[in-house]
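Heavy atoms only: backbone and side chains are in, while hydrogens, waters and symmetry mates are out. Values in this document were obtained by computation on a predicted structure and should not be read as measured data.
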Amino acid sequence: MSRTASFAPVDVVARTLRVELTAARSRRDGAAPRVLDVGGGSGTWAVPLAADGCEVTVVDSSANALAVLRSRARDAGVADGVHAIQGDVDALVDAIGSAEADLVLGHGLLEYVDDPAEACRALAAATVPGGAVSLLVAGRFAAVLSRVVAGRLTEARQVLVDPRGRWGEDDPLRRRMDVEEIRTLVEAGGQLTVERVQGHRVLADLVSDGVLEPGGAPSDPLAELEDIAAGTPPLRDMASRLHVLARRPG
C-alpha cells in the first residue's frame with residue numbers, strides 16, 4: 001500500500017509503469033518489484049515508486065542530487081526502500097552489475113550520455129529476462145514548434161535537419177529524437193523489443209490551473225484525453241518528451 005501521495009492522475013507514463021509493476025509482482029509471487037532508476041537524481045520517480053511498495057535503486061553521478069533523494073525518501077517514510085549509488089551512468093554495469101531489476105528507468109538519460117546505443121545495451125543488461133525498460137526522451141518536433149513560437153526560425157530549422165536534433169552549440173541537450181529514431185536505437189542491439197511509444201503530458205501542460213474546477217473533478221476527462229493523445233500520431237509525435245516501454249525477451 002502506498003504510504004505517500006504518488007503520481008498525478010493525468011500522468012500516462014506513471015499509469016503505464018503501475019501496470020508493469022503489477023505484472024512484476026505477479027511474476028515474483030507478491031514480492032516487492034525491483035526498480036533501477038538510472039540518472040534518477042533527486043528521486044522524482046524513485047520516491048513515488050518506493051511509496052507504491054517497490055525496492056528502488058538510484059544510480060546518479062551527482063552527490064548533491066543523491067543527498068536530496070535521501071532526504072525526500074526520509075520525509076516520505078520510504079528510506080528503507082530507496083538505495084542510492086553514486087556512479088557514472090556511462091559505466092552502468094560497473095556500478096550495479098547486470099540482470100537485477102524488474103523495471104529499469106532511463107528518464108532524461110539518453111539526451112546527455114556520450115553513447116546512447118551503449119547506454120541502451122547497459123539498461124538491457126540490468127533488466128531481468130521478461131522485465132521492462134522505460135525511457136523518456138526529449139522529442140525533436142516539440143522543440144521545432146517551440147522555436148517557431150518563440151520566433152527563432154533559424155533554430156527551428158536546425159533542430160529539424162540536424163542529425164542530433166540540436167539548435168546550436170549553446171543547446172543544453174546533446175540530442176533529441178523522433179519516434180522512429182528512438183525505436184531504431186532501442187532495438188538495434190537485439191536485446192530489447194519496443195512494446196509502446198507514447199507522448200508524455202501531450203495536453204495536460206496546456207491546461208492552466210484556473211481552467212480546472214477545485215477538487216480534481218476534471219481529472220478523469222483530462223486523463224482520458226491524455227490517454228488518447230499520448231498514443232495518437234501526430235499529437236504523440238509532438239510531445240515534448242516521448243515515452244518508450246521496451247521488453248527484454250524472457
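Between S134 and H243, the closest side-chain pair of non-hydrogen atoms falls below 4.5 Å. In this structure, L49 and L21 have side chains that are in contact, with non-hydrogen atoms separated by less than 4.5 Å. Counting heavy atoms from C-beta outward, V137 and R175 have side chains that stay 4.5 Å or more apart. By the 4.5 Å heavy-atom criterion applied to side chains, V56 and H83 are not counted as neighbours.
A donor-acceptor pair under 3.5 Å is absent between the side-chain atoms of E55 and the main chain of P33, judged by distance alone. The backbone N or O of A32 lies less than 3.5 Å from a partner atom in the side chain of R28, making a donor-acceptor pair. Side-chain N or O atoms of E226 include one that pairs as donor or acceptor with a backbone N or O of V202 at under 3.5 Å. In this structure a side-chain-to-backbone donor-acceptor pair under 3.5 Å is present from E111 to A138. Using modelled atom types, one side-chain atom of S146 and one backbone atom of A143 make a donor-acceptor pair closer than 3.5 Å.
A salt bridge is defined here as a Lys NZ or Arg NE, NH1 or NH2 lying under 4.0 Å from an Asp or Glu carboxylate O, and R25 with D102 fails to meet this definition. In summary, R247 and E20 engage in a salt bridge, as defined by a charged side-chain N under 4.0 Å from a carboxylate O. A salt bridge links R140 with E181: the closest approach of a Lys/Arg side-chain nitrogen to an acidic carboxylate oxygen falls below 4.0 angstrom.
Distance check, rounded to the nearest 0.5 Å: OG1 of T193 to CD of E195 gives 7.5 Å. Between the CD atom of E224 and the CG atom of D227 there is a distance of 8.0 Å, given to the nearest 0.5 Å. With values rounded to the nearest 0.5 angstrom, S42 atom OG is found 8.5 Å from D60 atom CG. If you take CG on L192 and SG on C120, they are separated by 7.0 Å, rounding to the nearest 0.5 Å. Note that CD1 of I182 is 11.0 Å distant from CD of E180, once rounded to the nearest 0.5 Å.
Closest of all the heavy-atom pairs between A239 and G199 is CB-CA, 3.6 Å. In terms of heavy atoms, P233 sits closest to D237 at CB-OD2, 4.1 Å. Minimum interatomic distance between V128 and R34 (heavy atoms only, all atoms of both residues): CG1-NH2, 3.8 Å. Considering every non-hydrogen atom in both A65 and S62, the closest pair reads N-OG, 3.1 Å. Considering all non-hydrogen atoms of both residues, V144 and A156 come closest at O-CB, 3.7 Å. Scanning all heavy atoms of the two residues, the minimum distance from R70 to A84 falls at NH2-CB, 3.6 Å.
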Hey, mind stepping through Q191 and R248 against side chain to side chain contact (heavy atoms under 4.5 Å, CB included) and telling me if it holds? CA-CA 6 Å; Q191 297 173 292; R248 180 176 179 182; 5.7 Å; no

Should D162 and R176 be marked as a salt bridge (Lys or Arg N to Asp or Glu O under 4.0 Å) after you check the CA-CA gap, both sets of side-chain angles, and the distance that decides it? CA-CA 10 Å; D162 184 76; R176 294 177 183 83; over 6 Å; no

Assess the residue pair R164 and L173 against the criterion (side chain to side chain contact (heavy atoms under 4.5 Å, CB included)); give the C-alpha distance rounded to whole Å, side-chain angles, the decisive distance to 0.1 Å, and a yes or no. CA-CA 9 Å; R164 292 182 295 170; L173 300 187; over 6 Å; no

Residue pair R201, D11: steps toward the salt bridge (Lys or Arg N to Asp or Glu O under 4.0 Å) verdict: CA-CA 7 Å; R201 296 186 65 85; D11 196 327; 5.3 Å; no

Does the side chain to side chain contact (heavy atoms under 4.5 Å, CB included) test come out yes or no for V113 and L109, once each step is laid out? CA-CA 7 Å; V113 294; L109 175 70; 3.8 Å; yes

Run the side chain to side chain contact (heavy atoms under 4.5 Å, CB included) test on D171 and Q158 for me, step by step, so that the C-alpha distance in whole Å, both residues' side-chain angles and the decisive distance to 0.1 Å come before the verdict. CA-CA 11 Å; D171 192 328; Q158 186 64 20; over 6 Å; no

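Of the listed residues (L69, D37, T57), just one forms a side chain to side chain contact (heavy atoms under 4.5 Å, CB included) with V82, and that residue is L69. When each of L36, V244, V104, V38 is tested with V133 by the rule side chain to side chain contact (heavy atoms under 4.5 Å, CB included), just one qualifies, namely V104.
Applying the 6.0 Å contact sphere to CG of D170 captures more than 12 heavy atoms from other residues, nucleotides or ligands.
At a threshold of 4.5 Å between side-chain heavy atoms, the hydrophobic network of Ile, Leu, Val, Met, Phe, Trp and Tyr places L242 and V159 in two separate groups. Under the 4.5 Å side-chain heavy-atom criterion for ILVMFWY residues, a single connected hydrophobic cluster contains both V78 and L66. Taken together through direct or relayed side-chain contacts under 4.5 Å among Ile, Leu, Val, Met, Phe, Trp and Tyr, L110 and V179 form part of one hydrophobic cluster. Cluster membership for I85 and L123, using ILVMFWY side-chain heavy atoms within less than 4.5 angstrom, is shared. Under the 4.5 Å side-chain heavy-atom criterion for grouping Ile, Leu, Val, Met, Phe, Trp and Tyr, L245 is not connected to L135 through any hydrophobic cluster.
Take H107 and apply the ring-ring contact (aromatic ring centres under 6.0 Å, His included) test, not counting sequence neighbours, and it matches W45.
Annotation: cation-pi geometry not satisfied between R152 and W167 (NZ/CZ under 6.0 angstrom from ring centroid, within 45° of ring axis).
With hydrogens and angles left out, the side-chain atoms of T16 and Q198 include a donor and acceptor closer than 3.5 Å.
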